[in-house]
Amino acid sequence: MIIKMFNGWYFFWIFLQIAATVGLYFFLRKRGRYLQEATLFTLLLLGVMFHFLKVFIPPYATDEARMLRDSWFVNICGANIALFPFMIFSKNKYVKDYMFYIGVISGLIVLVYPQEPLAKIDQIGEFWDIVRFYFHHWMIMTVPLLMVLLGHHKLSYKRILSAPVGLLLLMLFIMLNQIFQSELGFIPLRGNDFFSINYKNSSYIWGPGSNDPIGNFFTNFCPKIFRTIPVGEYAGQEKYWPWFWLICPVFCLITPTSFILSMIFDHKHFCKDILAAHKRLIRCRK
């Protein structure tokens, strides 16, 4: 996997995405606010459009079952593609903070570890899907980043919990989405296939996948109660509680990561509050 990962194409996509982000920033920074907002919104709309247009390219165009199944928003980045065009107009600061933290974190993860392209067997035949994949993840990272860099939104370290809470709500939406898919027949009806942690589980909602280093890493932060059947015939056997098992890993991993990102933009405010708290503590001791 390491040899397959670190090749010329891997570094090409990284360079292209960084160059596109930097170039877009310098193009927009001295433009009017209307053009800036219109450009960011257009990128989000293109993301939604390309999500549905993928049904015309392999592997979706050659696999009807996958086409029907994956046209839904069945993972974290896919759900954000659907929601970001609405969120960008929100006046709620917590919503905008969620866009930034989860958009940047998920985009950076994919930039460093593009799991889907690496797993493709037919790299040439599915080239356009690889392009779509990189555009989508570049978009959900770059739009919120530029939203902050261009001054359309100001981050606050005090709102970092918007990231883990928002992500858990999004995962709940994805889980309900998959259940709804099964009831309508887009994926197998509820049964062994549907509840298998190895079936359409890219967001780990149903548990960590088999031989999956990322999912298994998350289990280190999951209390035993959320990965054990509590009562009944199979009491005591290992079974990850859908969605619930992710609560602790999400808070333990996303919260400090969001705080680190917030310090890039809000460190002066943080330092000011720390100094103020220190002065109050000294006065209380006197």
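Between the side chain of Thr255 and the backbone N or O of Cys252 there is no donor-acceptor pair closer than 3.5 Å. The main-chain N or O of Val148 is never found under 3.5 Å from a side-chain atom of His153 such that the two would form a donor-acceptor pair. Side chain of Lys54 to backbone of Ser71: no donor-acceptor contact under 3.5 angstrom is found. Ser203 places no side-chain N or O within donor-acceptor distance of the main-chain N or O of Ile205, the cut-off being under 3.5 Å. Put simply, the side chain of Thr62 never gets that close to the backbone of Pro58: no donor and acceptor are under 3.5 Å apart. Between the side chain of Trp13 and the main chain of Val131, no donor-acceptor pair closer than 3.5 Å is present. For the pair Glu238 (side chain) and Thr228 (backbone), a donor-acceptor distance under 3.5 Å is absent. Arg227 places a side-chain N or O within donor-acceptor distance of the main-chain N or O of Cys222, the cut-off being under 3.5 Å.
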Under the side-chain contact (heavy atoms from CB on, under 4.5 Å) rule, what do Phe41 and Val143 come out as? Steps first, then yes or no, please.
-> CA-CA 8 Å; Phe41 181 62; Val143 170; over 6 Å; no
side-chain contact (heavy atoms from CB on, under 4.5 Å) evaluation trace for Ile81 with Phe50 | CA-CA 10 Å; Ile81 288 170; Phe50 290 154; over 6 Å; no
Please walk me through it: do Phe73 and Phe52 pass ring-ring contact (aromatic ring centres under 6.0 Å, His included)?
-> CA-CA 10 Å; Phe73 302 100; Phe52 290 109; 5.7 Å; yes
Verdict with reasoning, Ile254 to Tyr101, per side-chain contact (heavy atoms from CB on, under 4.5 Å) | CA-CA 9 Å; Ile254 297 298; Tyr101 293 128; 5.9 Å; no
Pair Tyr134-Leu111, side-chain contact (heavy atoms from CB on, under 4.5 Å): steps then yes or no | CA-CA 8 Å; Tyr134 277 108; Leu111 187 68; 5.7 Å; no
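At a cut-off of 3.5 Å, with distance as the only test, no side-chain donor of Trp72 or Gln178 sits close to an acceptor on the other residue.
Trp206 is listed as a side-chain neighbour of Met175, based on a closest heavy-atom distance under 4.5 Å. Within the 4.5 Å cutoff, side-chain heavy atoms of Gln36 are placed close to those of His152. Looking only at side-chain heavy atoms (C-beta outward), Tyr98 and Leu170 come within less than 4.5 Å of each other. Using a 4.5 Å cut-off on side-chain heavy atoms (C-beta onward), Ser162 and Val95 make no contact. Between Pro117 and Tyr10, every side-chain heavy-atom pair lies at or beyond the 4.5 Å cut-off. Between Phe259 and Phe270, some side-chain heavy-atom pair lies under the 4.5 Å cut-off. Taking the side chain as every heavy atom from C-beta outward, Pro230 and Ile225 never approach each other to under 4.5 Å. In this structure the side chain of Phe84 never reaches within 4.5 angstrom of the side chain of Ile88, judged on heavy atoms.
Pairs passing the salt bridge (Lys or Arg N to Asp or Glu O under 4.0 Å) check and including a residue from residues 243-272, sequence neighbours excluded, do not occur. Applying the salt bridge (Lys or Arg N to Asp or Glu O under 4.0 Å) definition to pairs two or more places apart or across chains, none involves residues 255-264. Identified under the ring-ring contact (aromatic ring centres under 6.0 Å, His included) test for residues 14-38, with sequence neighbours left out: none. Residue pairs meeting the side-chain hydrogen bond (donor to acceptor under 3.5 Å, both in side chains) criterion with at least one member in residues 137-146, sequence neighbours excluded, are Thr21-Trp138, Thr21-Thr142, Trp138-Thr142. Here salt bridge (Lys or Arg N to Asp or Glu O under 4.0 Å) pairs that include residues 147-169, with residues two or more places apart or in two chains, are Asp97-Arg159, Lys158-Asp273. The salt bridge (Lys or Arg N to Asp or Glu O under 4.0 Å) pairs that include a residue from residues 30-49 are Arg33-Glu37, where partners are two or more places apart or lie in different chains.
In plain terms, the two heavy atoms of Ala163 and Ile102 that are nearest each other are O-CD1, 3.7 Å. Minimum interatomic distance between Met139 and Pro144 (heavy atoms only, all atoms of both residues): O-CD, 4.0 Å. Between Thr219 and Pro208, the closest heavy-atom pair is CG2-CG, 3.6 Å. In plain terms, the two heavy atoms of Phe265 and Leu149 that are nearest each other are CE2-CD2, 3.6 Å.
If you chain together hydrophobic residues whose side chains sit under 4.5 Å apart, Met49 and Leu45 fall into the same group. Cluster membership check: Ile105 shares its hydrophobic cluster with Phe173, using side-chain heavy-atom separations under 4.5 Å among Ile, Leu, Val, Met, Phe, Trp and Tyr. If you chain together hydrophobic residues whose side chains sit under 4.5 Å apart, Ile109 and Ile260 never meet in one group. Leu161 and Ile264 fall within a single hydrophobic cluster, where Ile, Leu, Val, Met, Phe, Trp and Tyr are joined by side-chain heavy atoms under 4.5 Å apart, directly or via other members.
Within a 6.0 Å sphere centred on CZ of Phe12, heavy atoms belonging to other residues, nucleotides or ligands number more than 12. Heavy atoms from other residues, nucleotides or ligands lying under 6.0 Å from CH2 of Trp128 number 12 at most.
The aromatic ring centroids of Phe221 and Phe251 lie 6.0 Å or more from each other. Taking the six-membered ring for Trp and the full ring otherwise, Phe226 and Tyr240 have centroids separated by 6.0 Å or more.
Using bins of under 30°, 30° to 60° and over 60° for the plane-to-plane angle, the ring pair Tyr157/His269 lands in the perpendicular bin. Under the 30°/60° scheme for interplanar angles, the aromatic rings of Trp245 and Phe218 are found to be tilted.
Note that CG of Asn177 and CG of Asn75 are 10.0 Å apart. Values are rounded to the nearest 0.5 Å.
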